[in-house]
Amino acid sequence: MTGLQSSRLSLGGGGDFRGLGGLDAGFKLLLELSGVDGSGTVEELFVVGVGSPVITRDSEWVSCRQSQEQEEKAPTICTDTKQTTASPSGSSLPVMDRIATKMSDKFCRYPSTNSSVKDIDVAVAAAREAFRTTWGKNVTGIERGRLLNKLADLMERDAQVLGELECLNNGKPLKIARDFDVGDSVACLRYYAGWADKIVGQSIEIDSKTKFAFTKHDPIGVCAQIIPWNYPINMWAWKVAPALACGCTIVMKPSEFTPLTALKLSELIVEAGFPPGVINTIPSLGSVGGAALSSHKDVDKIAFTGSTVTGRKIMAAAAMSNLKKVSLELGGKSPHLVFESADLDQAANWVALGILYNTGQDCTAGSRVYVQDTIYDKFLQILIGKAKELVIGDGFDEKSGGGPVVSKVQYDKVWSYIESGKQEGAKLALGGVKRSGKGYFVDPTIFTDITPEMKIVKEEIFGPVLSVGKFSTEEEAIRLANDTTYGLGAGLHSSDANQCMRVSNALEAGTVWVNQYNLLYNNVPFGGKKQSGIGRELGSHALEEYTSVKAIQWNFGEKLDWPL
Amino acid sequence: MPQTFTYVFDTPVYKGTSSFSTGIFINGKFQDGSEGGYIDVINPTNGKVITKVSEGTAKDVDVAVEAAQKAFDTVWGLNCPGFERGKLLYKLSELMTAHADEFAALEALDNGKTFGWARKADIEAAIGSIRYYAGWADKIQGNTIETTKDKIAYTTHEPLGVVGQIIPWNFPLMMISWKLGPALAAGNTVILKPSEFTPLTALLMAQLTVEAGFPPGVVNIINGYGTTVGHALSHHMHVEKVAFTGSTLIGRKVLEAASKTNLKDVSLELGGKSPNIIFDDCDIEQAVNWTVHGIFWNHGQACCAGSRIFVHEKIYDDFLHRFTEKTKSLKIGDPFAADSYQGPQVSQQQYDRIMSYIDSGKEAGATVHLGGSRWGNEGYFIEPTIFTETKPDMRIVQEEIFGPVGVVIKFHDDDDVIRQANDTVYGLASAIFTKNIDRALKTSQRLRAGTTWINCANQLHAQIPFGGFKQSGIGRELGEYALQHYTAVKAVHINLGHEI
């Protein structure tokens with residue numbers, strides 16, 4: 001536990017969660033601390049909520065609730081923006097214990113409820129009520145902008161706490177969580193705060209003497225937002241900021257693996273002064289809460305970031321329920337091309353960043369690298385050197401540039417791909433050996449001698465596993481790059497400007513990075529072609545995902561004769 | 001070293017101390033004018049000197065242009081990303097909010113407007129404008145343009161460079177904010193000349209730009225006269241643009257100076273003689289209230305003042321009666337009294353000018369229906385004044401008075417009022433009162449003015465553009481439109497294979 005201690009966090013036998021800078025302040029969540037010795041047995045149970053933490057030695061959550069009265073006071077998963085209300089299904093609160101940490105210890109659990117559908121109904125109703133009364137068209141853009149700016153201020157204030165929570169829950173290094181994930185999220189909120197009073201329609205000339213028309217970009221209404229575990233805070237900000245700027249209300253389902261920061265952010269929503277019901281947070285399983293939101297009749301729009309498999313289900317649910325609007329930001333198998341004229345050292349840095357940033361758990365991860373044959377051997381050596389330089393370790397350790405993968409499920413999945421790569425005949429140039437000891441660590445892994453039909457080349461792994469292939473001509477590179485069902489990101493490295501333009505034009509992807517990779521800006525749109533998604537996040541384009549255009553046609557001079 | 005101005009406000013509406021340097025503000029520092037002059041700042045409520053501020057001259061403009069150019073080339077302009085500019089502007093808006101009451105008190109002291117109106121109108125609008133443009137700073141974008149497959153083309157909207165901004169005395173802080181907001185959001189560096197009549201809030205604002213963290217040279221504020229500082233900015237060969245708000249007379253000079261020097265970009269927000277049209281099917285009580293606000297807000301010292309009030313003959317008598325009664329109820333007095341609606345005019349010069357217009361109206365045979373005289377014994381107070389029985393060629397009907405003087409004119413029908421309303425060299429604003437929306441839209445369509453208010457008057461929002469048709473100006477302030485006047489479009493062509 002050295003890393004945790006170094007970050008003022010004490011999760012020892014006595015279990016004092018208050019060590020986590022400021023986290024104790026009314027954090028309405030059940031926190032179950034499990035065996036720090038790695039035994040996985042539940043030893044401590046915290047209820048940090050309305051009053052002081054309740055500590056019990058009992059291993060079952062239900063057993064710490066002694067009476068019906070206590071049950072009614074049970075903290076909830078439905079974090080309304082005004083207050084934490086008891087879960088409608090509070091009488092039986094099965095526990096979700098799927099949260100992983102870098103130490104592969106369960107440290108926390110929270111009620112998932114097997115009747116989350118009820119919670120979703122309550123949340124949707126609250127969101128609808130807020131949309132109808134205190135948000136949506138009832139509040140000016142200036143006010144929405146002011147609240148978003150205020151929320152950004154609070155996130156900035158609590159950056160350390162949010163960073164620590166993210167590190168704890170997701171495993172990514174604290175410094176990256178705090179400085180990049182939180183920092184970018186603050187900037188995202190500010191960016192959309194600026195848009196809130198700049199959502200304009202058109203006035204359209206029809207006939208100056210008799211008629212005119214204008215458009216209004218109305219908020220869509222109640223929006224469900226389902227976000228993944230790889231960038232919990234970032235994805236929250238990307239979703240929440242444009243929706244709120246436009247005047248939508250939200251039912252947010254964070255990933256069941258990483259719900260903590262979304263809950264903490266819900267507190268900040270209250271503190272910022274958003275009216276109750278504008279943002280509702282429901283940690284839940286995708287098969288429960290996610291399914292309920294997707295098929296809900298009173299949800300006007302659903303925005304999802306995650307796997308293509310789940311994206312399809314959401315779209316199908318929308319099709320079969322109320323034809324809610326759908327935007328999807330899905331998987332990728334993004335190609336990264338290195339041409340012979342490239343600055344190889346720089347290219348290797350970007351390629352390493354592309355596959356290893358966030359331990360490869362990135363929808364834009366540059367997981368297929370194709371290198372021109374003339375420089376292949378040289379580049380590969382440089383790249384292997386770069387990959388080796390990355391320290392993957394304890395997220396609370398300042399030296400760590402990467403942490404573990406998020407969960408046991410993910411760990412097993414990544415290793416099954418590595419095994420499949422070996423079996424299908426790809427050659428390991430780096431990594432591929434499991435660490436001993438605890439934690440879901442996967443070291444940088446590079447495969448060469450790949451063929452197009454291999455699983456590691458076709459499928460999204462979502463881990464630090466890179467496939468390196470070879471090409472001889474530009475046409476071949478483009479063909480290889482586009483040979484995928486995905487179309488999220490793509491990168492190319494070349495010092496030939498014409499080639500950069502030609503290739504960026506030919507690549508089938510929502511983002512093409514030229515002589516760089518994986519950098520995102522709040523004012524540049526992001527999203528996928530082909531099966532990587534529908535719609536765009538970020539930039540002014542995201543506003544289109546949360547507004548519906550109303551055309552108002554106004555007759556002020558034409559008389560209608562009847563019958564025609 | 002320039003003196004520090006310290007003033008203790010002990011008034012019914014505001015108690016507090018304000019303190020800031022009275023120097024000219026160049027390259028992040030307050031300093032004396034290079035020629036050592038000073039300008040007396042007069043309290044229009046009693047005609048006494050409040051303080052004196054350093055007077056800048058052409059030499060100071062040269063120094064400021066150099067500082068602004070250096071800042072543009074090194075730390076601002078294309079060297080500072082939009083989100084950083086936005087952050088600084090947002091920070092500035094927060095500092096302004098923290099000083100909001102102080103700003104309002106300074107405006108009341110210096111300009112004579114009431115503390116209450118300054119606080120709820122001027123200062124709120126000023127803060128709102130800075131905050132609004134903070135949001136634009138990272139949203140300035142060009143287009144990519146498809147031509148042939150052998151070419152990629154895109155546009156970038158780049159800042160112009162060093163811009164001169166010359167503002168009037170009627171809404172000092174608000175005008176500063178309307179000017180600084182878009183200029184800084186777009187990445188320009190600024191040399192701003194406040195009016196010599198109302199330099200105080202600009203000095204506090206200069207201090208706040210330092211606190212907010214703007215790099216030295218990005219914002220420079222030079223108090224001085226139009227004939228020296230204004231002249232130097234308009235003629236300067238290294239000033240890329242001048243934005244001017246003020247009289248049409250001076251606007252012409254600015255445009256002429258640009259034409260004779262470096263063809264700098266010019267935007268002008270000038271005078272008006274805006275029509276305020278009362279149809280017989282209006283909500284008469286509301287129309288009266290808005291009309292009073294239209295002409296008497298800010299003591300008539302608004303370029304968009306609804307100074308020509310056209311009333312349908314059917315309701316003329318009723319309207320005039322109600323309008324007169326409402327106007328009589330306006331309380332004139334100390335800007336710091338809680339119940340004052342109207343304070344003094346800004347200066348002796350303006351007082352004399354307005355009184356000469358009133359005299360000219362009388363001489364030309366118009367009827368002084370209400371007011372027409374000085375109010376009180378000291379300061380520059382003038383009674384709210386209503387003229388009737390005017391003729392179209394009278395100066396009080398044709399010219400901008402910029403005081404609490406309205407003319408009420410009868411009309412017969414829609415065509416008649418449109419003709420009369422458009423019979424002016426100006427085209428800044430207009431107001432229409434009717435419950436018939438068809439009539440309102442048709443009238444709006446036919447009026448030659450940059451703004452038409454339907455069933456309201458003198459409404460301004462940071463998001464909505466403002467500016468003039470005809471001789472009321474060139475360009476637009478506020479909204480996204482203002483950004484066009486602070487950016488230059490660059491088209492970039494990239495040849496991908498077109499060989500010659």
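Numbered from 1 within each chain, the chains take letters A, B, ... in sequence-line order. What you see is a predicted model, and the numbers here were worked out from it, not measured in a lab.
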Given heavy-atom pairs under 4.5 angstrom as the criterion, report whether the side chain, backbone, both or neither of B:N495 touches chain A.
backbone
Heavy-atom cut-off 4.5 Å, strictly under: side chain, backbone, both or neither for B:Y132 against chain A?
both
Treating B:K139 as the side-chain partner and A:G539 as the backbone partner, does any N or O pair qualify as donor plus acceptor under 3.5 Å?
no
Can you confirm whether B:R448 is buried at CZ, in the sense that more than 12 heavy atoms of other residues, nucleotides or ligands lie under 6.0 Å from that atom?
no
Between CG on residue A:D207 and CD on residue B:Q445, distance to nearest 0.5 Å
9.0 Å
Can you tell me how far CD of B:Q141 sits from CG of A:N523, rounded to the nearest 0.5 angstrom?
7.5 Å
Under the salt bridge (charged side-chain N to carboxylate O under 4.0 Å, His left out) rule, what pairs show up with a residue in residues 498-509 of chain A, not counting sequence neighbours?
A:E474-A:R502, A:E508-A:K530
Under 4.5 Å heavy-atom distance to chain B, tell me which part of A:D496 shows up: side chain, backbone, both or neither.
neither
So for atom NZ, which belongs to A:K150, do other residues, nucleotides or ligands contribute more than 12 heavy atoms lying within a distance under 6.0 Å?
no
Counting only non-hydrogen atoms closer than 4.5 Å, can you tell me which residues of residues 209-216 of chain A sit against chain B?
A:K209, A:F212
Point-to-point distance, once rounded to the nearest 0.5 Å, from CG of B:L496 to OG of A:S504
8.0 Å
Spacing of B:E124 atom CD and A:I142 atom CD1 [to the nearest 0.5 Å]
10.0 Å
Is it true that, when you exclude B:K91 itself, more than 12 heavy atoms of the residues, nucleotides or ligands shown sit nearer than 6.0 Å to its NZ?
no
With chain A, which of B:W136, B:F83, B:Y133 has the greatest number of heavy-atom pairs at distances under 4.5 Å?
B:W136
Chain A contact residues among residues 450-465 of chain B, heavy-atom distance under 4.5 Å
B:Q463
Interface moiety of B:L441 toward chain A, non-hydrogen atoms closer than 4.5 Å:
both
Are there residues of residues 543-558 of chain A whose heavy atoms fall under 4.5 Å of chain B's heavy atoms? If so, which?
A:W554, A:N555, A:F556, A:G557
